[in-house]
Amino acid sequence: MLSDGDENLAERADHPMPFHLRCGPDDAARCRFAVSPLWETRSAVRALDRPGPPGTRLPWLRRIQVAASGLNLAPLSLLTPVHGRGPRFLAPRPDGTGTRIEDELARVRATDPAVARVELERALAGTPGAAGSLRGRRMLEDPGRAVKELADLLELAWRALIEPDWPPLHALLEADAAFHARRLAGGGPEALFAELHPDVSWADGTLTIAHAEPPGDGTERSAAPSPSAPDGADGTGRPEDAAAAGPPHGADGDGAPDGADGRGVREGADGGRARDGADGGGLLLVPSVFCRPGPVAGREMPWDRALVYPARGLGGLWQSSGDQPPEVLSRLLGRGRAAVLTALEEPASTTGLARRLGLAPSSVSAHLSALRDAGLLTSHRYGHQVLYERTPLGIALAAG
(Lines give C-alpha, C1' and ligand atoms only; values in the text may rest on other atoms or scores of the structure.)
Protein backbone atom coordinates (compact mmCIF):
# COMPACT_ATOMS: atom_id res chain seq x y z
CA MET A 1 0.00 0.00 0.00
CA LEU A 2 1.30 3.47 -0.81
CA SER A 3 2.08 5.80 2.06
CA ASP A 4 0.58 9.28 2.19
CA GLY A 5 3.81 10.75 0.90
CA ASP A 6 3.93 8.33 -2.01
CA GLU A 7 0.29 9.08 -2.74
CA ASN A 8 0.98 12.80 -3.00
CA LEU A 9 3.85 12.14 -5.37
CA ALA A 10 1.61 9.94 -7.48
CA GLU A 11 -1.04 12.66 -7.71
CA ARG A 12 1.54 15.17 -8.91
CA ALA A 13 3.05 12.94 -11.54
CA ASP A 14 2.74 13.95 -15.15
CA HIS A 15 1.13 10.59 -15.83
CA PRO A 16 -1.12 9.69 -12.88
CA MET A 17 -1.61 6.03 -12.13
CA PRO A 18 -4.97 4.45 -12.96
CA PHE A 19 -7.73 4.29 -10.39
CA HIS A 20 -9.46 0.94 -9.78
CA LEU A 21 -12.78 0.27 -8.08
CA ARG A 22 -13.56 -3.38 -7.41
CA CYS A 23 -17.32 -3.96 -7.47
CA GLY A 24 -19.43 -6.77 -6.06
CA PRO A 25 -22.15 -8.72 -7.89
CA ASP A 26 -24.90 -6.35 -6.74
CA ASP A 27 -23.14 -3.14 -7.69
CA ALA A 28 -24.16 -3.20 -11.35
CA ALA A 29 -27.80 -3.58 -10.40
CA ARG A 30 -27.47 -0.65 -7.99
CA CYS A 31 -25.76 1.74 -10.40
CA ARG A 32 -27.67 4.98 -10.53
CA PHE A 33 -27.41 8.13 -12.59
CA ALA A 34 -27.73 11.65 -11.23
CA VAL A 35 -27.31 15.25 -12.35
CA SER A 36 -25.94 17.95 -10.06
CA PRO A 37 -26.53 21.63 -10.92
CA LEU A 38 -24.16 22.56 -8.09
CA TRP A 39 -21.40 20.33 -9.48
CA GLU A 40 -21.82 22.02 -12.88
CA THR A 41 -21.60 25.44 -11.17
CA ARG A 42 -18.44 24.58 -9.27
CA SER A 43 -16.88 23.01 -12.38
CA ALA A 44 -17.71 26.12 -14.42
CA VAL A 45 -16.03 28.27 -11.76
CA ARG A 46 -12.95 26.03 -11.93
CA ALA A 47 -12.94 26.24 -15.73
CA LEU A 48 -12.91 30.05 -15.48
CA ASP A 49 -10.29 30.08 -12.76
CA ARG A 50 -7.92 27.71 -14.57
CA PRO A 51 -8.67 28.13 -18.26
CA GLY A 52 -7.26 25.79 -20.85
CA PRO A 53 -8.15 25.18 -24.50
CA PRO A 54 -11.84 26.25 -24.67
CA GLY A 55 -12.78 23.69 -27.32
CA THR A 56 -16.53 23.35 -27.71
CA ARG A 57 -17.18 25.71 -24.76
CA LEU A 58 -15.98 28.82 -26.59
CA PRO A 59 -19.51 30.16 -27.33
CA TRP A 60 -20.40 29.74 -23.63
CA LEU A 61 -17.22 31.50 -22.52
CA ARG A 62 -17.98 34.43 -24.80
CA ARG A 63 -21.58 34.66 -23.63
CA ILE A 64 -20.85 34.69 -19.89
CA GLN A 65 -17.73 36.87 -20.03
CA VAL A 66 -19.48 40.03 -18.84
CA ALA A 67 -21.48 38.26 -16.13
CA ALA A 68 -18.37 36.45 -14.88
CA SER A 69 -16.39 39.68 -14.63
CA GLY A 70 -18.84 40.92 -12.00
CA LEU A 71 -18.26 37.95 -9.69
CA ASN A 72 -15.61 37.73 -6.99
CA LEU A 73 -14.81 34.03 -7.20
CA ALA A 74 -11.63 34.26 -5.10
CA PRO A 75 -13.12 32.48 -2.03
CA LEU A 76 -14.10 29.48 -4.16
CA SER A 77 -10.74 29.51 -5.94
CA LEU A 78 -8.97 29.43 -2.57
CA LEU A 79 -10.86 26.22 -1.75
CA THR A 80 -10.02 24.50 -5.05
CA PRO A 81 -6.61 22.87 -4.68
CA VAL A 82 -4.69 22.00 -7.82
CA HIS A 83 -4.32 18.47 -6.43
CA GLY A 84 -7.12 17.17 -4.23
CA ARG A 85 -10.73 18.13 -3.72
CA GLY A 86 -12.47 21.08 -2.19
CA PRO A 87 -14.79 20.89 0.82
CA ARG A 88 -17.29 18.08 0.50
CA PHE A 89 -20.10 20.10 2.02
CA LEU A 90 -20.04 22.39 -1.05
CA ALA A 91 -21.18 19.46 -3.23
CA PRO A 92 -23.97 17.41 -1.61
CA ARG A 93 -24.49 14.01 -3.19
CA PRO A 94 -27.19 14.40 -5.90
CA ASP A 95 -30.34 12.30 -5.57
CA GLY A 96 -31.18 11.76 -9.24
CA THR A 97 -31.45 13.43 -12.63
CA GLY A 98 -34.07 15.86 -11.31
CA THR A 99 -31.91 17.33 -8.53
CA ARG A 100 -32.71 21.03 -8.04
CA ILE A 101 -30.16 23.73 -7.31
CA GLU A 102 -32.41 25.10 -4.55
CA ASP A 103 -32.29 21.79 -2.69
CA GLU A 104 -28.53 21.48 -3.07
CA LEU A 105 -27.92 25.01 -1.78
CA ALA A 106 -30.25 24.37 1.17
CA ARG A 107 -28.15 21.33 2.09
CA VAL A 108 -24.98 23.41 1.87
CA ARG A 109 -26.45 26.08 4.16
CA ALA A 110 -27.48 23.40 6.67
CA THR A 111 -23.89 22.19 7.13
CA ASP A 112 -22.74 21.83 10.74
CA PRO A 113 -20.04 24.48 11.36
CA ALA A 114 -17.85 21.85 13.08
CA VAL A 115 -17.94 19.68 9.96
CA ALA A 116 -17.37 22.72 7.76
CA ARG A 117 -14.24 23.70 9.68
CA VAL A 118 -12.67 20.25 9.22
CA GLU A 119 -13.39 20.32 5.49
CA LEU A 120 -12.25 23.93 5.07
CA GLU A 121 -8.99 23.21 6.87
CA ARG A 122 -8.35 20.17 4.67
CA ALA A 123 -9.06 22.09 1.46
CA LEU A 124 -6.95 25.12 2.46
CA ALA A 125 -4.04 22.83 3.30
CA GLY A 126 -3.96 21.77 -0.35
CA THR A 127 -2.84 25.23 -1.51
CA PRO A 128 0.42 26.64 -0.07
CA GLY A 129 -0.25 29.74 2.02
CA ALA A 130 -4.05 29.52 1.76
CA ALA A 131 -4.68 28.68 5.42
CA GLY A 132 -2.53 31.59 6.57
CA SER A 133 -4.08 34.14 4.22
CA LEU A 134 -6.54 36.71 5.59
CA ARG A 135 -9.47 35.06 3.81
CA GLY A 136 -8.40 31.59 4.91
CA ARG A 137 -8.05 32.65 8.56
CA ARG A 138 -11.49 34.26 8.51
CA MET A 139 -13.04 31.05 7.20
CA LEU A 140 -11.47 28.96 9.93
CA GLU A 141 -12.27 31.44 12.70
CA ASP A 142 -15.98 31.51 11.85
CA PRO A 143 -16.91 28.45 9.74
CA GLY A 144 -20.64 29.13 10.19
CA ARG A 145 -20.27 32.50 8.49
CA ALA A 146 -18.03 30.94 5.85
CA VAL A 147 -20.72 28.39 4.99
CA LYS A 148 -23.31 31.14 4.48
CA GLU A 149 -20.98 33.32 2.40
CA LEU A 150 -19.86 30.41 0.21
CA ALA A 151 -23.44 29.26 -0.36
CA ASP A 152 -24.43 32.81 -1.33
CA LEU A 153 -21.48 33.02 -3.73
CA LEU A 154 -22.36 29.68 -5.30
CA GLU A 155 -25.90 30.90 -5.84
CA LEU A 156 -24.61 34.04 -7.56
CA ALA A 157 -22.31 31.92 -9.74
CA TRP A 158 -25.22 29.66 -10.66
CA ARG A 159 -27.37 32.63 -11.68
CA ALA A 160 -24.62 34.16 -13.80
CA LEU A 161 -22.86 31.16 -15.32
CA ILE A 162 -25.27 28.23 -15.55
CA GLU A 163 -28.92 29.19 -15.10
CA PRO A 164 -29.33 31.01 -18.48
CA ASP A 165 -28.31 27.80 -20.29
CA TRP A 166 -29.71 25.26 -17.83
CA PRO A 167 -32.80 24.06 -19.80
CA PRO A 168 -30.82 22.77 -22.82
CA LEU A 169 -27.90 21.76 -20.61
CA HIS A 170 -30.15 19.76 -18.28
CA ALA A 171 -31.94 18.18 -21.23
CA LEU A 172 -28.62 16.99 -22.63
CA LEU A 173 -27.55 15.53 -19.27
CA GLU A 174 -30.90 13.75 -18.82
CA ALA A 175 -30.67 12.36 -22.34
CA ASP A 176 -27.17 11.07 -21.64
CA ALA A 177 -28.31 9.37 -18.44
CA ALA A 178 -31.25 7.79 -20.27
CA PHE A 179 -29.00 6.51 -23.05
CA HIS A 180 -26.51 4.90 -20.69
CA ALA A 181 -29.24 3.53 -18.40
CA ARG A 182 -30.61 1.63 -21.41
CA ARG A 183 -27.12 0.37 -22.21
CA LEU A 184 -26.78 -0.87 -18.64
CA ALA A 185 -30.20 -2.52 -18.63
CA GLY A 186 -29.66 -4.18 -21.99
CA GLY A 187 -26.07 -5.35 -21.73
CA GLY A 188 -24.90 -4.94 -18.15
CA PRO A 189 -21.77 -3.06 -17.03
CA GLU A 190 -19.75 -4.45 -19.94
CA ALA A 191 -22.01 -2.65 -22.43
CA LEU A 192 -22.22 0.49 -20.31
CA PHE A 193 -18.53 1.05 -19.70
CA ALA A 194 -17.42 -0.10 -23.14
CA GLU A 195 -18.31 3.30 -24.59
CA LEU A 196 -18.77 5.59 -21.59
CA HIS A 197 -15.35 7.17 -22.15
CA PRO A 198 -12.04 5.95 -23.65
CA ASP A 199 -10.39 6.24 -20.20
CA VAL A 200 -12.99 3.97 -18.57
CA SER A 201 -13.01 0.18 -18.76
CA TRP A 202 -14.65 -2.76 -16.98
CA ALA A 203 -13.21 -6.23 -16.54
CA ASP A 204 -13.76 -9.01 -14.02
CA GLY A 205 -15.87 -6.84 -11.73
CA THR A 206 -13.35 -3.98 -11.62
CA LEU A 207 -13.96 -0.47 -12.92
CA THR A 208 -10.73 1.17 -14.09
CA ILE A 209 -10.18 4.83 -14.93
CA ALA A 210 -6.90 5.21 -16.79
CA HIS A 211 -5.38 8.67 -17.06
CA ALA A 212 -3.08 8.65 -20.05
CA GLU A 213 -2.65 12.45 -20.09
CA PRO A 214 -2.81 15.17 -17.43
CA PRO A 215 -5.92 17.38 -17.64
CA GLY A 216 -5.72 20.43 -19.82
CA ASP A 217 -8.41 22.79 -18.53
CA GLY A 218 -8.06 22.75 -14.76
CA THR A 219 -10.42 19.84 -14.24
CA GLU A 220 -8.01 17.64 -12.32
CA ARG A 221 -8.37 13.90 -12.29
CA SER A 222 -6.89 11.75 -9.59
CA ALA A 223 -5.65 8.23 -9.21
CA ALA A 224 -6.42 8.09 -5.50
CA PRO A 225 -9.74 7.36 -3.79
CA SER A 226 -11.55 9.85 -1.60
CA PRO A 227 -11.09 9.58 2.15
CA SER A 228 -14.27 9.29 4.17
CA ALA A 229 -15.75 12.56 5.38
CA PRO A 230 -16.61 13.03 9.05
CA ASP A 231 -20.22 12.44 10.09
CA GLY A 232 -21.51 11.43 6.68
CA ALA A 233 -20.30 10.57 3.21
CA ASP A 234 -21.31 13.94 1.78
CA GLY A 235 -19.76 16.08 4.50
CA THR A 236 -23.03 17.69 5.53
CA GLY A 237 -22.81 16.43 9.08
CA ARG A 238 -25.77 14.05 8.86
CA PRO A 239 -24.90 10.58 10.20
CA GLU A 240 -25.60 7.70 7.87
CA ASP A 241 -28.21 5.20 8.96
CA ALA A 242 -26.34 2.31 7.44
CA ALA A 243 -28.19 -0.32 9.47
CA ALA A 244 -31.58 0.84 8.26
CA ALA A 245 -30.92 1.81 4.68
CA GLY A 246 -27.46 0.57 3.70
CA PRO A 247 -24.96 2.87 1.98
CA PRO A 248 -26.82 5.95 0.67
CA HIS A 249 -26.86 6.35 -3.09
CA GLY A 250 -23.83 4.14 -3.59
CA ALA A 251 -21.62 5.59 -0.88
CA ASP A 252 -19.34 3.35 1.07
CA GLY A 253 -20.95 4.37 4.30
CA ASP A 254 -18.38 2.57 6.45
CA GLY A 255 -16.90 5.77 7.86
CA ALA A 256 -13.47 4.13 8.12
CA PRO A 257 -10.31 5.67 6.74
CA ASP A 258 -9.13 4.15 3.50
CA GLY A 259 -7.43 0.88 4.21
CA ALA A 260 -8.48 0.69 7.86
CA ASP A 261 -10.90 -2.17 7.35
CA GLY A 262 -8.88 -4.19 4.89
CA ARG A 263 -11.20 -3.17 2.04
CA GLY A 264 -9.95 0.37 1.42
CA VAL A 265 -7.04 1.48 -0.69
CA ARG A 266 -4.79 -1.11 -2.19
CA GLU A 267 -2.12 -1.16 -4.85
CA GLY A 268 -3.24 -2.63 -8.16
CA ALA A 269 -1.29 -5.07 -10.27
CA ASP A 270 -0.20 -2.23 -12.55
CA GLY A 271 0.89 0.00 -9.68
CA GLY A 272 -2.33 2.00 -9.79
CA ARG A 273 -4.56 2.90 -6.88
CA ALA A 274 -7.53 0.67 -6.09
CA ARG A 275 -10.52 0.70 -3.82
CA ASP A 276 -12.40 -2.42 -2.92
CA GLY A 277 -16.14 -2.10 -3.07
CA ALA A 278 -17.48 -5.63 -3.12
CA ASP A 279 -20.22 -4.83 -0.64
CA GLY A 280 -23.06 -4.21 -3.09
CA GLY A 281 -23.03 -0.48 -2.39
CA GLY A 282 -23.65 0.46 -6.00
CA LEU A 283 -22.03 3.21 -8.03
CA LEU A 284 -23.12 6.79 -8.70
CA LEU A 285 -22.63 7.92 -12.31
CA VAL A 286 -22.89 11.65 -13.03
CA PRO A 287 -22.76 13.04 -16.59
CA SER A 288 -21.31 16.53 -16.76
CA VAL A 289 -20.94 19.31 -19.30
CA PHE A 290 -17.91 20.91 -17.66
CA CYS A 291 -16.06 17.68 -16.89
CA ARG A 292 -13.21 17.98 -19.33
CA PRO A 293 -11.12 16.47 -20.73
CA GLY A 294 -11.96 13.19 -19.03
CA PRO A 295 -13.70 11.46 -16.14
CA VAL A 296 -13.18 12.38 -12.49
CA ALA A 297 -12.88 9.79 -9.74
CA GLY A 298 -11.00 9.15 -6.54
CA ARG A 299 -9.56 11.91 -4.36
CA GLU A 300 -10.83 14.69 -6.61
CA MET A 301 -14.41 13.58 -5.92
CA PRO A 302 -16.63 14.90 -3.12
CA TRP A 303 -18.58 11.61 -3.15
CA ASP A 304 -17.44 8.04 -2.45
CA ARG A 305 -17.98 5.35 -5.08
CA ALA A 306 -18.84 7.84 -7.81
CA LEU A 307 -17.69 8.66 -11.31
CA VAL A 308 -18.26 11.96 -13.12
CA TYR A 309 -17.81 11.70 -16.88
CA PRO A 310 -18.22 13.99 -19.93
CA ALA A 311 -21.76 13.78 -21.31
CA ARG A 312 -22.42 12.76 -24.89
CA GLY A 313 -23.29 15.43 -27.43
CA LEU A 314 -21.23 18.29 -25.99
CA GLY A 315 -20.07 19.24 -29.47
CA GLY A 316 -23.61 20.17 -30.44
CA LEU A 317 -24.63 21.84 -27.16
CA TRP A 318 -23.31 25.32 -28.01
CA GLN A 319 -23.78 25.07 -31.77
CA SER A 320 -25.58 27.88 -33.50
CA SER A 321 -29.07 27.13 -34.76
CA GLY A 322 -27.94 28.58 -38.07
CA ASP A 323 -26.13 25.35 -38.96
CA GLN A 324 -27.97 23.93 -41.93
CA PRO A 325 -28.53 20.27 -42.89
CA PRO A 326 -27.16 19.05 -46.23
CA GLU A 327 -29.13 20.39 -49.20
CA VAL A 328 -29.74 16.91 -50.63
CA LEU A 329 -31.28 15.77 -47.34
CA SER A 330 -33.42 18.91 -47.21
CA ARG A 331 -34.79 18.22 -50.69
CA LEU A 332 -35.59 14.65 -49.72
CA LEU A 333 -37.24 15.23 -46.34
CA GLY A 334 -38.02 18.93 -46.26
CA ARG A 335 -35.85 21.48 -44.50
CA GLY A 336 -37.55 21.20 -41.10
CA ARG A 337 -37.45 17.41 -40.89
CA ALA A 338 -33.88 17.34 -42.21
CA ALA A 339 -32.84 19.83 -39.54
CA VAL A 340 -34.43 17.71 -36.81
CA LEU A 341 -32.84 14.49 -38.06
CA THR A 342 -29.42 16.13 -38.38
CA ALA A 343 -29.64 17.65 -34.89
CA LEU A 344 -30.31 14.27 -33.27
CA GLU A 345 -26.68 13.23 -33.01
CA GLU A 346 -27.56 12.47 -29.38
CA PRO A 347 -30.96 11.64 -27.83
CA ALA A 348 -33.04 14.76 -27.19
CA SER A 349 -36.54 15.84 -26.21
CA THR A 350 -39.01 17.89 -28.23
CA THR A 351 -38.43 21.02 -26.15
CA GLY A 352 -34.66 20.59 -26.23
CA LEU A 353 -34.65 20.35 -30.03
CA ALA A 354 -37.03 23.30 -30.31
CA ARG A 355 -34.69 25.50 -28.27
CA ARG A 356 -31.65 24.41 -30.19
CA LEU A 357 -33.19 24.82 -33.64
CA GLY A 358 -35.22 27.94 -32.89
CA LEU A 359 -38.47 26.27 -33.97
CA ALA A 360 -41.87 26.07 -32.34
CA PRO A 361 -42.29 22.92 -30.19
CA SER A 362 -45.45 22.02 -32.13
CA SER A 363 -43.49 22.04 -35.41
CA VAL A 364 -40.68 19.94 -33.97
CA SER A 365 -43.24 17.48 -32.54
CA ALA A 366 -44.82 17.07 -35.98
CA HIS A 367 -41.43 16.51 -37.62
CA LEU A 368 -40.47 13.94 -34.97
CA SER A 369 -43.70 12.01 -35.45
CA ALA A 370 -43.19 11.89 -39.22
CA LEU A 371 -39.58 10.76 -38.91
CA ARG A 372 -40.51 8.10 -36.34
CA ASP A 373 -43.33 6.79 -38.55
CA ALA A 374 -40.80 6.52 -41.40
CA GLY A 375 -38.53 4.34 -39.23
CA LEU A 376 -35.82 6.97 -38.94
CA LEU A 377 -36.27 7.63 -35.20
CA THR A 378 -37.23 5.75 -32.08
CA SER A 379 -38.55 7.19 -28.82
CA HIS A 380 -38.15 6.24 -25.16
CA ARG A 381 -39.78 7.67 -22.06
CA TYR A 382 -37.35 8.68 -19.32
CA GLY A 383 -38.92 10.28 -16.25
CA HIS A 384 -41.18 13.09 -17.40
CA GLN A 385 -39.59 13.34 -20.85
CA VAL A 386 -39.85 11.46 -24.13
CA LEU A 387 -36.42 11.26 -25.75
CA TYR A 388 -35.87 10.64 -29.45
CA GLU A 389 -32.85 9.12 -31.13
CA ARG A 390 -32.00 7.98 -34.63
CA THR A 391 -32.35 4.40 -35.75
CA PRO A 392 -29.55 2.81 -37.81
CA LEU A 393 -31.47 3.82 -40.94
CA GLY A 394 -31.76 7.40 -39.66
CA ILE A 395 -28.04 7.48 -38.86
CA ALA A 396 -27.14 6.26 -42.34
CA LEU A 397 -29.47 8.76 -44.01
CA ALA A 398 -28.16 11.70 -41.96
CA ALA A 399 -24.61 10.67 -42.82
CA GLY A 400 -25.41 10.64 -46.53
Side-chain angles (χ1 to χ4, degrees), residues 33-49 51 54-68 71 73 76 91-92 94-105 154-181 196-197 217-219 284-296 307-321 323 340 343-359 361 364 382-389:
F33 292 85
V35 170
S36 172
L38 195 51
W39 171 272
E40 296 302 319
T41 302
R42 292 189 65 201
S43 297
V45 169
R46 172 172 278 195
L48 290 174
D49 187 45
T56 59
R57 292 200 302 258
L58 185 59
W60 171 79
L61 289 169
R62 288 170 174 167
R63 189 159 60 252
I64 57 89
Q65 186 173 11
V66 174
L71 294 173
L73 301 175
L76 294 175
D95 296 322
T97 57
T99 303
R100 303 189 316 150
I101 185 68
E102 295 82 4
D103 296 333
E104 290 186 303
L105 288 172
L154 283 170
E155 185 170 7
L156 289 175
W158 156 262
R159 303 292 180 202
L161 306 179
I162 303 296
E163 187 179 36
D165 294 304
W166 184 243
L169 193 157
H170 187 220
L172 182 141
L173 296 175
E174 281 195 311
D176 178 274
F179 174 84
H180 287 112
L196 191 74
H197 188 272
D217 67 348
T219 306
L284 179 67
L285 301 171
V286 181
S288 173
V289 167
F290 293 96
C291 175
R292 279 299 190 185
V296 182
L307 172 68
V308 178
Y309 63 92
R312 293 162 49 94
L314 295 181
L317 179 62
W318 313 110
Q319 281 182 357
S320 168
S321 61
D323 295 339
V340 169
L344 277 172
E345 293 182 358
E346 307 294 338
S349 65
T350 301
T351 54
L353 285 169
R355 290 191 193 97
R356 177 176 167 186
L357 297 174
L359 300 174
V364 173
Y382 186 75
H384 63 282
Q385 292 193 70
V386 175
L387 300 175
Y388 295 84
E389 63 179 302

Engineer: Could you check if a side-chain atom of Leu48 sits within less than 4.5 angstrom of a side-chain atom of Leu161, using non-hydrogen atoms only?
Structural biologist: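 Heavy-atom side-chain distance check passes, below 4.5 Å.
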Engineer: Look at the side chain of His170 and the backbone N and O of Gly98, then say whether any donor-acceptor pair between them is shorter than 3.5 Å.
Structural biologist: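 Flag not set: sc His170 to bb Gly98 has no pair under 3.5 Å.
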Engineer: Quick one: are Pro167 and Thr351 in side-chain contact, heavy atoms under 4.5 Å?
Structural biologist: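 Answer no - side chains too far apart.
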Engineer: Could you pull out the closest heavy-atom pair between Val286 and Pro94, with the gap in Å?
Structural biologist: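 Closest approach of Val286 to Pro94: CG2-CG, 4.5 Å.
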Engineer: Is Leu71 close to Val45 at the side-chain level, that is, under 4.5 Å between some pair of heavy atoms?
Structural biologist: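 Heavy-atom side-chain distance check fails, nothing below 4.5 Å.
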Engineer: Go through the steps to decide whether Asp103 and Asp95 satisfy the test side chain to side chain contact (heavy atoms under 4.5 Å, CB included), and finish with yes or no.
Structural biologist: CA-CA 10 Å; Asp103 296 333; Asp95 296 322; over 6 Å; no
Engineer: Any side-chain heavy atom of Leu307 within less than 4.5 Å of one from Leu285?
Structural biologist: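 A side-chain contact exists here, since the closest heavy-atom pair is under 4.5 Å.
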Engineer: For residues Arg46 and Arg42, determine if any side-chain heavy atom of one lies less than 4.5 Å from a side-chain heavy atom of the other.
Structural biologist: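 The answer is no, as the side chains (C-beta and beyond) never meet within the 4.5 Å cut-off.
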Engineer: Please give me the minimum heavy-atom distance between Leu387 and Ala175, naming the atom from each residue.
Structural biologist: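 Closest pair (atom of Leu387, atom of Ala175, distance): CD1-CA, 3.6 Å.
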Engineer: Looking only at heavy atoms, which two atoms of Val364 and Thr350 are closest? And how far apart?
Structural biologist: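 Scanning both residues completely, I find the closest heavy atoms to be CG1-O, 3.9 Å.
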Engineer: Any idea which heavy atoms bring Ala34 and Leu284 closest together, and the distance?
Structural biologist: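 Looking at all heavy atoms of both residues, the shortest contact is CB-CD1, 3.7 Å.
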Engineer: Find the distance between CG (Leu154) and CD1 (Ile162) and round it off to the nearest 0.5 Å.
Structural biologist: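 The CD1 atom of Ile162 is 11.5 Å from CG of Leu154, to the nearest 0.5 Å.
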Engineer: Is the shortest side-chain heavy-atom distance between Ser288 and Glu40 below 4.5 Å?
Structural biologist: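 The answer is yes; the side chains approach within 4.5 Å.
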Engineer: For Ser36 and Glu104, test the side chains for any donor-to-acceptor distance below 3.5 angstrom and give the result as yes or no.
Structural biologist: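 Checked: Ser36/Glu104 side chains pair up, N/O donor to acceptor below 3.5 Å.
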Engineer: Looking at residues at least two apart in the chain, or sitting in another chain, which of them share a side chain to side chain donor-acceptor pair (under 3.5 Å) with Thr41?
Structural biologist: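 Partners of Thr41 by the side chain to side chain donor-acceptor pair (under 3.5 Å) criterion come out as none, since no residue qualifies.
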Engineer: For Phe290 and Leu169, which heavy atoms make the closest approach, and how far apart are they?
Structural biologist: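 Result for this residue pair: CE1-CD1, 4.1 Å.
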Engineer: How close do Pro347 and Leu344 get, counting heavy atoms only, and between which atoms?
Structural biologist: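 Heavy-atom minimum between the residues: C-CD2, 4.5 Å.
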Engineer: Sequence neighbours left out, what passes ring pair (Phe, Tyr, Trp, His ring centres under 6.0 Å) with Tyr309? Give chain and number order.
Structural biologist: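 Listed in chain order: His180.
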Engineer: Measure the shortest side-chain to side-chain distance between Thr97 and Leu173 over non-hydrogen atoms and say whether it is less than 4.5 angstrom.
Structural biologist: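 Thr97 vs Leu173: side chains apart.
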